[in-house]
Amino acid sequence: MPELPEVEVIRRELVPQLVGQIVDDVEIHWSKSFVDQSSDKITGKTILDINRMGKYLVIVLSAGYLVVHLRMTGQLMFAGGMPENKKHIRIILRMRSGKYLIYFDSRKFGRLIHADRLNGVLKNTGIDALSPELSVIMFQQMLKNHNRMVKSFLMDQRQIAGLGNIYVDESLFRAKIHPQTITHIIPERKIYLLFESIRETLLHSIKNMGTTISDYKTVGGGFGGHQRFLQVYGRGDKPCFVCGTPIRKIRMNNRGTHFCPKCQPLRKKRQ
DNA sequence: CTAATCACCTGAAGGC
DNA sequence: TGCCTTCAGGTGATTA
C-alpha cells in the first residue's frame, strides 16, 4: 500500500501526537507483526522523534528504535480508546497517558521492529528519493552503472528508497520514458527530466495527502486525494490524457506496469 | 549483475 | 449463492 508520500503523510501526522508519549505496554495479536531484536524492553521508553527512510517509519525512543514498515496493508491509528472496528488489529501499544497506538494489517505483511540500532534493519535501504543529498549527478551515475530496465531499477529499494509501483509508473510517464528502457542508454537530458519528474510526483502526492486505492488511510482515518491525479496507474485501456492512445498494461517483475505506448516509446539505442 | 518465480497473507472482484 | 481464479500499494529468498 504505502509508498514514500503515504509514509511521509503518516509521519507528519504522528509527530505532534506521539512525541513525548511513554510506552507502557505492548499487546501482540499476531506474533510475526512484532519483531523484537532489542536487548532492552520497550516498556518505559519515551518517544523522542519520528523520521522516515524510504518507506520505513523510524520511531526514535529514549533508547533504541521502533521501525515500522507497512508493506501492503499496514495502518497506524493513534486514539484515546479502542476503535469500534477491531478487525485486523495486530499490535497495540498502550501509552502511559492512556492513549493507544494501534497497528492494523489485514495481509500481515508489515512489521514493527524493535531494535537497538538502525544498521541491521535498514541495511538494504538506499538513499531516500527526496534526500537533499541525492543529486542529479549521483542519480545519473547510478543509472549509468546499471544495465537493467529502468522500472525495476527504480523499484529497487537498495538503490533509491521510497518509490513503489504507483509512483514509478507515474514518474516514468511524466518523463516520457518507457519502463523497459535500459538504464545506461537513457540520454542525459532524459535523466534530468526523470529526476525532476520523480521529485514533482512525490511532492505533489504529499500535498494531496497520498494516494488511496483501497486500504491506505491517514492516521486520523482520512483518505488520500492524489488518486484524482494519476495519469497511468490503474488506467489500462483508458485513453492517455495527453494523446488519447489507450494506456497499455503489461507485467514486469510480476507487477502491473502502466504506460502510454505513444508518449513513452521504447528506444533500444541511445538517441 | 539481472531476471524470474515463489513465499508470505487476506479480501475484493469477476467469470461461470 | 458459491466456487474458482486473478489481482493488489512490498520485499526477501532462491534459482537460472
Side-chain angles (χ1 to χ4, degrees), chain A residues 1-10 29-35 37 52-57 67-76 85-91 103-113 120-126 129 141-172 179-185 198 201-202 205-206 208-218 223-237 249-258:
Chain A
M1 138 184 130
E3 305 179 32
L4 186 153
E6 291 75 32
V7 178
E8 179 60 20
V9 170
I10 289 168
H29 292 233
W30 180 258
S31 63
K32 286 186 180 175
S33 299
F34 193 82
V35 178
Q37 50 191 49
R52 185 188 54 72
M53 301 281 288
K55 300 172 195 170
Y56 286 95
L57 213 50
V67 181
V68 181
H69 198 303
L70 303 167
R71 293 285 184 100
M72 299 283 265
T73 53
Q75 290 174 22
L76 287 169
N85 184 7
K86 294 185 169 56
K87 212 172 175 194
H88 307 314
I89 291 181
R90 307 304 180 200
I91 307 288
Y103 177 68
F104 297 77
D105 190 355
S106 75
R107 288 180 74 179
K108 303 174 174 171
F109 286 169
R111 297 284 180 266
L112 272 62
I113 304 161
V121 183
L122 301 178
K123 66 178 188 299
N124 289 328
T125 304
Q141 266 321 310
M142 293 172 86
L143 288 169
K144 285 199 189 304
N145 288 339
H146 288 270
N147 182 27
R148 59 192 296 201
M149 292 183 277
V150 64
K151 170 154 180 174
S152 82
F153 172 84
L154 293 174
M155 294 283 286
D156 187 344
Q157 304 298 301
R158 292 169 302 184
Q159 309 299 329
I160 292 168
L163 293 167
N165 209 33
I166 295 179
Y167 298 109
V168 166
D169 284 4
E170 292 297 309
S171 300
L172 288 171
Q180 290 175 317
T181 310
I182 301 299
T183 49
H184 74 260
I185 68 150
I198 290 169
T201 302
L202 295 175
S205 179
I206 292 172
N208 289 298
M209 305 294 282
T211 303
T212 298
I213 301 294
S214 62
D215 300 287
Y216 163 71
K217 284 187 186 137
T218 65
F223 297 112
H226 193 69
Q227 55 282 3
R228 295 194 303 264
F229 300 100
L230 297 179
Q231 303 292 300
V232 288
Y233 182 84
R235 299 197 62 250
D237 298 329
K249 181 177 180 184
I250 62 170
R251 291 216 138 235
M252 273 182 74
N253 309 341
N254 228 14
R255 312 300 301 278
T257 297
H258 316 73

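Here the structure is a predicted model, which means the values were calculated and not measured. Below, read A as the first sequence line, B as the second, and so on, with proteins coming before strands; counting in each chain starts at 1.
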Novice: Run the ring pair (Phe, Tyr, Trp, His ring centres under 6.0 Å) check on A:Phe104 and A:His88 step by step: do they pass?
Specialist: CA-CA 5 Å; A:Phe104 297 77; A:His88 307 314; 8.3 Å; no
Novice: Quick one: is A:Thr73 getting a side-chain N or O under 4.0 Å of the C:dA8 phosphate, OP1 or OP2?
Specialist: no
Novice: On the 0 to 90° scale, with breaks at 30° and 60°, tag the A:His146-A:Phe153 ring pair as parallel, tilted or perpendicular.
Specialist: tilted
Novice: For A:Arg251 and A:Lys123, take the nucleotide of DNA chain C holding the closest heavy atom to each; which residue's nucleotide lies nearer the 5' end?
Specialist: A:Arg251
Novice: May I have the distance from A:Met149 (atom CE) to B:dT2 (atom P), rounded to whole angstrom?
Specialist: 11 Å
Novice: Restricting to non-hydrogen atoms, name the atom on A:Pro5 and the atom on A:Ser205 that form the minimum distance, rounded to 0.1 Å.
Specialist: CB-OG, 3.4 Å
Novice: Can you measure A:Asn253 atom CG to B:dT2 atom C1' for me and round it to whole angstrom units?
Specialist: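 About 10 Å, once rounded to whole Å.
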Novice: How would you label the contact of A:Tyr233 with the nucleic acid (heavy atoms, under 4.0 Å): base, sugar-phosphate, or nothing?
Specialist: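 Since only primed, P, OP1 and OP2 atoms lie under 4.0 Å of A:Tyr233, the category is sugar-phosphate.
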Novice: Using the rule given for side-chain hydrogen bond (donor to acceptor under 3.5 Å, both in side chains), can you reason through A:Tyr103 versus A:Ser33, listing the C-alpha separation, both sets of side-chain angles and the distance that settles it, and then say yes or no?
Specialist: CA-CA 9 Å; A:Tyr103 177 68; A:Ser33 299; 5.7 Å; no
Novice: How close or far is atom C1' of C:dC7 from atom CE of A:Met72, stated in whole angstroms?
Specialist: 9 Å
Novice: Give me the atom names and distance for the closest heavy-atom approach of A:Thr183 to A:Val150.
Specialist: CG2-CA, 3.8 Å
Novice: Going by distance alone, is a donor N or O of one side chain under 3.5 Å from an acceptor N or O of the other, for A:Tyr56 and A:Thr125?
Specialist: no
Novice: For the pair A:Asp156 and A:Arg148, find out whether any cationic side-chain nitrogen is under 4.0 Å from an anionic carboxylate oxygen.
Specialist: yes
Novice: Does A:His69 make a side-chain N or O approach to OP1 or OP2 of C:dG10 shorter than 4.0 Å?
Specialist: no
Novice: Considering only atom P, compute the distance from C:dT6 to B:dT5 and round it to an integer number of Å.
Specialist: 14 Å
Novice: Whole Å only: how far is the CG atom of A:Asn254 from the P atom of C:dT11?
Specialist: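 After rounding, the gap between these two atoms is 15 Å.
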Novice: In dot-bracket notation, what is the pairing pattern of DNA chain C, taking Watson-Crick (N1-N3 plus N6-O4 or O6-N4) and G-U wobble (N1-O2 and O6-N3) contacts under 3.5 Å, with [ ] crossing and | for other strands?
Specialist: .|||||||.|||||||
Novice: Nearest whole Å is fine: how far is C:dT11 P from A:Leu4 CG?
Specialist: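 So the CG-P distance, A:Leu4 to C:dT11, works out to 11 Å.
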Novice: Looking only at atom P, what distance separates C:dG10 and B:dC1, rounded to whole Å?
Specialist: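 Between the two P atoms, the distance is 24 Å.
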Novice: Kindly confirm whether the side-chain ring of A:Phe109 is stacked on the base of B:dC9, judged by centres under 5.5 Å and planes under 30°.
Specialist: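 Stacking between A:Phe109 and B:dC9: absent.
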Novice: Look for any protein N or O under 3.5 Å of an N or O in nucleotides 10-13 of chain B and output each such pair with its distance, or none.
Specialist:
residue: B:dT10; atom: OP1; partner: A:Lys108; partner atom: NZ; Å: 2.7
residue: B:dT10; atom: O4'; partner: A:Ser106; partner atom: O; Å: 3.4
residue: B:dG11; atom: OP1; partner: A:His88; partner atom: NE2; Å: 3.4

Novice: Using atom P of each nucleotide, how far apart are C:dC4 and B:dC9 to the nearest Å?
Specialist: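 About 22 Å, rounded to a whole number of Å.
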Novice: Using a cut-off of less than 4.0 Å, is there contact between a side-chain N or O of A:Lys32 and OP1 or OP2 of B:dC9?
Specialist: yes
Novice: Strictly below 4.0 Å: does A:Arg148 bring a side-chain N or O up to OP1 or OP2 of B:dA3?
Specialist: yes
Novice: If you take all heavy atoms of A:Lys151 and A:Asp169, which pair is closest and at what distance?
Specialist: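 Nearest heavy atoms, A:Lys151 then A:Asp169: NZ-OD1, 2.8 Å.
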Novice: How is A:Thr212 classified with respect to the nucleic acid when contacts are heavy atoms under 4.0 Å: base, sugar-phosphate, or nothing?
Specialist: base
Novice: Calculate the interatomic distance between A:Arg255 atom CZ and C:dG10 atom C1'; express it in whole Å.
Specialist: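 Distance check: A:Arg255 CZ to C:dG10 C1' gives 6 Å.
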Novice: A:Asn147 near the nucleic acid: base, sugar-phosphate alone, or nothing, with a heavy-atom cut-off under 4.0 Å?
Specialist: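 Since only primed, P, OP1 and OP2 atoms lie under 4.0 Å of A:Asn147, the category is sugar-phosphate.
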